[in-house]
Amino acid sequence: MHVADGGATARHAVHIPDGGVRWRDRFRRDRTLILMTMPAVLLLFVFAYIPIAGNVIAFQFFSPYAGDGFFDSLANSTWVGLEQFERMINDRYFWNALENTLVFSFLQLTLFFPIPIALAILINSFLHSKVRAWAQAVLYLPHFFSWVLVITVFQQIFGGAGLIAQTARNHGFADGFDLMTDPGFFKFLITAQLIWKDAGWGIIVFLAALAAVNHELYESAAVDGAGRWRRMWHVTLPALRPVIALLLVLQIGGMLTVGLEQFIIQRTAVGPGASEVLDTYVWFAGIKNGQFSYAAAVGIVKGIFSLLLILAANKVAHAMGEAGVYKKS
């Protein structure tokens with residue numbers, strides 16, 4: 001009887017290949033999830049991956065009027081090889097835009113990135129439970145404001161006719177206070193606007209990570225005599241470390257993308273020398289001036305270097321023992 005049971009078990013055993021579960025079995029198991037994600041994948045493919053083929057115009061002197069429709073114009077446009085890239089290298093305005101982009105990105109990395117972490121720890125650990133919901137709502141609210149409204153609020157406070165300037169004049173101080181038109185202060189102004197608008201929204205991820213922390217760890221640390229600050233250092237921050245590493249890799253990968261609308265709106269006030277970044281540079285070259293091939297060349301270089309940045313940051317995350325964006329199994 002025992003032998004017969006063993007034979008039946010052997011006959012009904014499922015053979016699993018060395019590589020794991022077969023792809024047919026995985027598809028049968030996950031078909032519902034796959035069907036749910038298909039619309040999003042289709043949209044991503046149509047609007048993000050198919051347009052990549054249009055980057056071929058970076059190697060042409062493309063004119064939309066060279067034919068009837070895009071493909072006809074593409075076929076009739078002159079091929080110029082790497083001429084657009086050579087023009088980019090020799091353009092001092094491109095290097096000014098790149099320098100401004102890196103400066104803004106560095107300030108956002110050092111001043112903006114730690115604030116959502118600090119706010120999440122503050123809300124989770126220090127505030128009373130009845131105050132947390134109110135604090136979260138107040139901090140989230142600016143994220144839903146448009147950049148036009150955010151800049152208008154700052155204009156009413158820091159502009160030449162704003163609250164601070166009016167108060168200074170009423171107390172006999174000299175006129176001339178206007179931080180909104182100061183090119184030297186512009187990089188800090190941009191960072192302050194970003195902090196006010198998006199710092200509250202950024203704490204959502206960190207609060208979700210903190211919600212998954214086992215409260216027994218805090219209790220054990222308290223029993224061992226750890227105070228509030230020690231519990232934060234030895235329990236809270238280690239729990240946030242994987243999320244911090246992931247978001248830091250993504251932040252570094254997006255260093256060459258600092259926004260468009262925020263800079264275009266304030267470009268006239270401070271001048272292009274202080275406000276020109278790669279996004280506005282490409283917009284003015286490609287959309288306003290119709291230099292589509294040159295704008296495509298700048299976009300290709302920006303994309304390649306962004307990819308290299310995120311790969312390098314991911315390698316550093318792996319060296320620190322974190323998974324980063326992805327990790328080879």
Side-chain angles (χ1 to χ4, degrees), residues 43-109 147 183 186-187 190 194 249-268 270-315 325:
L43 288 173
L44 185 66
F45 179 74
V46 171
F47 292 103
Y49 285 92
I50 291 181
I52 292 177
N55 284 328
V56 69
I57 67 174
F59 305 94
Q60 293 180 318
F61 187 78
F62 177 75
S63 173
Y65 310 106
D68 298 329
F70 172 76
F71 293 102
D72 194 24
S73 300
L74 189 68
N76 295 330
S77 296
T78 306
W79 291 88
V80 296
L82 300 177
E83 182 177 317
Q84 304 292 352
F85 297 93
E86 294 175 359
R87 175 188 169 186
M88 178 188 64
I89 294 174
N90 296 322
D91 187 359
R92 63 185 179 90
Y93 296 107
F94 165 78
W95 293 107
N96 176 66
L98 178 60
E99 179 182 356
N100 288 340
T101 302
L102 294 177
V103 169
F104 290 130
S105 296
F106 178 76
L107 286 176
Q108 291 177 12
L109 190 65
W147 277 116
F186 182 68
K187 51 183 174 291
I190 285 289
L194 182 66
V249 170
L250 295 176
Q251 180 82 10
I252 293 175
M255 284 186 67
L256 300 183
T257 302
V258 291
L260 177 64
E261 183 181 355
Q262 183 185 12
F263 289 89
I264 286 182
I265 295 174
Q266 301 176 90
R267 177 187 174 93
T268 306
V270 297
S275 63
E276 191 79 289
V277 292
L278 288 179
D279 291 332
T280 59
Y281 183 77
V282 169
W283 188 89
F284 277 97
I287 304 299
K288 187 173 182 179
N289 298 328
Q291 302 173 10
F292 303 105
S293 296
Y294 181 62
V298 177
I300 288 175
V301 172
K302 175 187 170 185
I304 291 174
F305 277 95
S306 295
L307 177 62
L308 294 176
L309 283 173
I310 200 168
L311 291 176
N314 205 61
K315 283 285 187 182
V325 177

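With hydrogens and angles ignored, the 3.5 Å screen pairs no side-chain donor or acceptor of W95 with any backbone N or O of N90. No donor-acceptor pair under 3.5 Å is formed between the side chain of E276 and the backbone N or O of N100. A donor-acceptor contact shorter than 3.5 Å is absent between the side chain of S306 and the backbone of G254.
We find the OH-CG distance between Y93 and N96 to be 9.0 Å, quoted to the nearest 0.5 Å. Distance CZ/R267 to OG1/T280: 5.5 Å, rounded to 0.5 Å. Note that CZ of F45 is 12.0 Å distant from CG of L43, once rounded to the nearest 0.5 Å. Once rounded to the nearest 0.5 Å, the distance linking OG1 of T257 with CD of Q251 reads 10.5 Å. Here the CG atom belonging to L309 is positioned 12.0 Å from the CD1 atom belonging to I304, to the nearest 0.5 angstrom. Note: F104 CZ to L107 CG = 8.0 Å, rounded to the nearest 0.5 Å.
For L256 against D279, the heavy-atom pair with the smallest separation is O-OD1, 4.3 Å. Here the closest non-hydrogen pair linking I190 and Q262 is O-NE2, 3.2 Å. Taking each heavy atom of V258 and M255 in turn, the nearest pair found is CG1-O, 3.8 Å. Of all the heavy atoms in A274 and V270, the pair that sits closest is CB-O, 4.1 Å. Contact detail for K187 and V103: the closest heavy-atom pair is CD-CG1, 3.7 Å. Of all non-hydrogen atoms in A297 and M88, the two that sit nearest each other are O-SD, 4.5 Å.
The neighbour count for D68 CG, taken as heavy atoms of other residues, nucleotides or ligands under 6.0 Å away, does not exceed 12. At most 12 non-hydrogen atoms from other residues, nucleotides or ligands lie less than 6.0 angstrom from CZ of F61. In this structure, F305 places its CZ atom where only 12 or fewer heavy-atom neighbours from other residues, nucleotides or ligands lie under 6.0 Å away.
Counting heavy atoms from C-beta outward, F59 and Q84 have side chains that stay 4.5 Å or more apart. Counting heavy atoms from C-beta on, the side chains of L278 and F94 come closer than 4.5 Å. Counting only heavy atoms from C-beta outward, the side chains of R87 and Y294 approach each other to under 4.5 Å. Within the 4.5 Å cutoff, no side-chain heavy atoms of F85 are placed close to those of V80.
Taking the six-membered ring where tryptophan is involved, the planes of F62 and F70 are tilted, since the angle between them lies from 30° to 60°.
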Exercise for review: Could you go through the side chain to side chain donor-acceptor pair (under 3.5 Å) check for Y281 and D91 one step at a time?
Suggested key: CA-CA 11 Å; Y281 183 77; D91 187 359; 2.3 Å; yes
